[in-house]
Amino acid sequence: MFEQKDTEFITLSRFVLDEQKWHKEATGDLSILLSSLQVACKFVESIVRKAGLVGMLGEEGSVNVQGEGQKKLDVLANKLFIQSLKSSGCVAYMVSEENKDVIIVEPKSECDKNAKYCVAFDPIDGSSNIDTGINVGTIFGVFRMKEDAKNPEDSFLVSGNNIIVAGYCMYGSSCNLVITLGNNNVNGFTLNPSLGEFILTHPNIRTPEHGDTYSINEGKYTKWDEATKAYIDFLKLHQEGGKTYASRYIGSMVADVHRTLMSGGIFAYPVDSENTNGKLRTLYESFPMAFLCEQAGGKATTGAKRVLDIVPRSIHDRCPIFLGSKENVETVEEFFEIYSNNL
Ligand code: AHG
Ligand code: MN
Ligand code: MN
Ligand code: MN
């Protein structure tokens with residue numbers, strides 16, 4: 001007999017409105033923005049679910065600003081998020097992995113002139129996994145427009161500590177949307193496709209202090225720096241009380257981070273001799289995931305510094321990242337400390 005988990009049966013829409021009540025100065029704009037985000041997530045989920053049936057697999061035939069071949073789903077999902085966020089009337093600027101420049105939103109009406117939010121997003125994360133039906137997702141981060149902004153980029157080229165909302169939607173065996181508005185509060189919602197509603201299923205997610213899983217592309221081993229090599233070697237050889245570490249990596253950051261956030265351990269995309277700043281994009285992959293992880297009690301470092309202390313130099317800037325359980329990340333920091341002292 002199916003039983004709705006004994007939560008209070010809160011939908012994401014209701015959750016966001018409840019959150020709004022705590023902020024007397026709230027205008028409701030953020031609630032509208034988040035509502036437009038969740039509509040786009042539901043729309044993308046409905047396409048991912050049947051991509052193989054409706055000709056949405058394979059290449060678009062174009063190359064994005066990252067130099068990556070775009071998948072059909074990258075392009076369609078990107079259009080859907082841009083349209084949905086534009087229609088919210090609350091977004092002034094957007095940065096998307098798939099767009100070279102900042103997307104400037106023309107106000108539709110008088111009241112849209114006060115749009116004060118800036119959204120950075122990765123419409124489909126894990127694109128290389130689309131054609132094989134493996135989990136992909138969407139990652140987003142929300143910033144307030146910078147008061148003295150002179151250029152559209154100014155509101156994005158700020159320290160990650162300015163992020164006010166972060167979340168991802170993972171399109172997998174179930175559709176999970178995980179979001180934080182700060183306050184050390186991270187909540188997970190599962191889409192009930194027959195209702196078309198995200199239902200609160202994972203209230204107050206806390207990342208375990210320590211985990212026995214590490215998630216990294218070991219194919220790059222020979223290209224890593226010495227600190228990363230030493231750390232991964234340590235995980236393989238270090239057997240506390242005979243326990244060994246398990247390696248889990250599917251190549252979609254959303255899925256690898258979701259597992260790490262929920263079960264503990266560490267996810268990493270370090271620098272290597274080909275990706276000298278790392279591969280993951282600071283604004284719409286590393287910042288949102290770092291904020292989520294810290295709000296769930298975990299940590300996120302580049303090895304040398306806290307990810308959220310970075311100030312991106314450009315909207316598609318990249319950075320190395322190690323994130324997950326507090327203790328696991330602190331061990332990484334110790335390795336980088338030792339190796340930086342030996343330089
Ligand atoms: P995207 O599909 O948005 O370009 O991101 C892909 C990223 C991220 O999802 C994943 O962690 C990483 O690329 C995997 O890279 P490798 O295939 O080099 O391991
Ligand atoms: Mn990509
Ligand atoms: Mn991505
Ligand atoms: Mn992407």
Side-chain angles (χ1 to χ4, degrees), residues 41 44 48 51 56-82 94-100 119-141 166-172 178 213-224 228 232 247-261 265-290 292-293 300 302 307 312 315-324:
C41 288
V44 170
V48 168
M56 281 311 297
L57 298 180
E59 303 296 327
E60 175 75 8
S62 46
V63 175
N64 66 11
V65 64
Q66 323 284 340
E68 300 164 343
Q70 290 178 302
K71 299 281 189 180
K72 289 177 189 168
L73 209 52
D74 280 323
V75 174
L76 178 56
N78 193 42
K79 282 185 188 138
L80 290 170
F81 276 97
I82 291 171
M94 298 180 224
V95 163
S96 164
E97 178 201 355
E98 304 303 334
N99 288 62
K100 178 173 171 298
V119 185
F121 64 92
D122 177 357
I124 295 288
D125 172 69
S127 305
S128 60
N129 285 324
I130 290 171
D131 293 354
T132 47
I134 294 170
N135 293 25
V136 294
T138 299
I139 309 172
F140 56 87
Y168 58 79
C169 191
M170 181 175 72
Y171 313 114
V178 176
T213 303
Y214 68 99
S215 184
I216 191 169
N217 180 347
E218 295 209 54
K220 307 247 178 192
Y221 182 90
T222 56
K223 301 185 176 78
W224 289 338
T228 301
I232 298 299
S247 169
R248 295 280 185 278
Y249 190 75
I250 77 163
S252 290
M253 184 188 198
V254 171
D256 285 321
V257 169
H258 183 65
R259 183 197 53 248
T260 306
L261 204 66
I266 194 146
F267 166 81
Y269 208 107
V271 299
D272 62 53
S273 49
E274 288 163 351
N275 298 285
T276 51
N277 289 316
K279 174 184 181 183
L280 299 176
R281 282 56 58 110
T282 308
L283 258 182
Y284 41 81
E285 290 172 315
S286 297
F287 275 176
M289 294 310 205
L292 278 160
C293 201
T302 64
V307 168
I315 60 172
H316 296 299
D317 216 3
R318 299 170 190 257
C319 72
I321 186 165
F322 296 78
L323 70 72

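All ligand and atom numbering here is 1-based and tracks the order in the structure. Values below: every heavy atom of this structure, side chains too, minus hydrogens, waters and symmetry copies.
- In this structure, a donor-acceptor pair under 3.5 Å is present between the side chains of Arg259 and Ser215.
- Contact check for Asn99 versus Ile82: side-chain heavy atoms found under the 4.5 Å cut-off.
- Which parts of ligand 1 touch Tyr249 is read off a 4.0 Å heavy-atom cut-off, strictly below it: atoms 14 (C), 15 (O), 16 (P), 19 (O).
- Distances from ligand 1 to the non-hydrogen atoms of Ile124 include at least one value under 4.0 Å.
- Here the heavy atom of the protein found nearest to atom 13 (O) of ligand 1 is Lys279 NZ, 3.0 Å.
- The nearest protein atom to atom 5 (O) of ligand 1, hydrogens excluded, is given as Asp125 OD1, 3.1 Å; this is a heavy-atom distance.
- For the pair His316 (side chain) and Arg281 (backbone), a donor-acceptor distance under 3.5 Å is absent.
- Every atom of ligand 1 with a heavy atom of Glu285 under 4.0 Å away is listed here by number and element: 3 (O), 5 (O).
- A tilted orientation is assigned to the rings of Phe121 and Phe81, their planes being inclined by 30° to 60°.
- Contacts between Gln66 and ligand 1 below 4.0 angstrom, taking non-hydrogen atoms only, are absent altogether.
- Using a 4.0 Å cut-off between heavy atoms, Met289 makes no contact with ligand 1 at all.
- Closest protein heavy atom to atom 7 (C) of ligand 1: Leu280 CD2, 3.8 Å.
- Counting only protein atoms, the N, O or S atoms lying less than 2.8 Å from the Mn ion (ligand 3) are Asp122 OD2, Asp125 OD1, Glu285 OE2, ordered by chain and residue number.
- Nearest to atom 10 (C) of ligand 1 among the protein's heavy atoms is Gly251 O, 3.4 Å.
- Taking every heavy atom of Arg281 and a limit of under 4.0 angstrom, the matching atoms of ligand 1 come to 1 (P), 3 (O), 4 (O), 5 (O).
- Atoms of ligand 1 lying under 4.0 Å from at least one heavy atom of Ser252, given by number and element, are 9 (O).
- Heavy-atom contacts of Met253 reach the following atoms of ligand 1: 8 (C), 9 (O), 10 (C), 11 (O) (cutoff under 4.0 Å).
- Heavy-atom contacts of Asp122 reach the following atoms of ligand 1: 3 (O) (cutoff under 4.0 Å).
- For ligand 1 and Asn217, the ligand atoms under 4.0 Å from any heavy atom of the residue are 16 (P), 18 (O), 19 (O).
- From the protein, the heavy atom lying nearest to atom 18 (O) of ligand 1 is Tyr269 OH, 2.7 Å.
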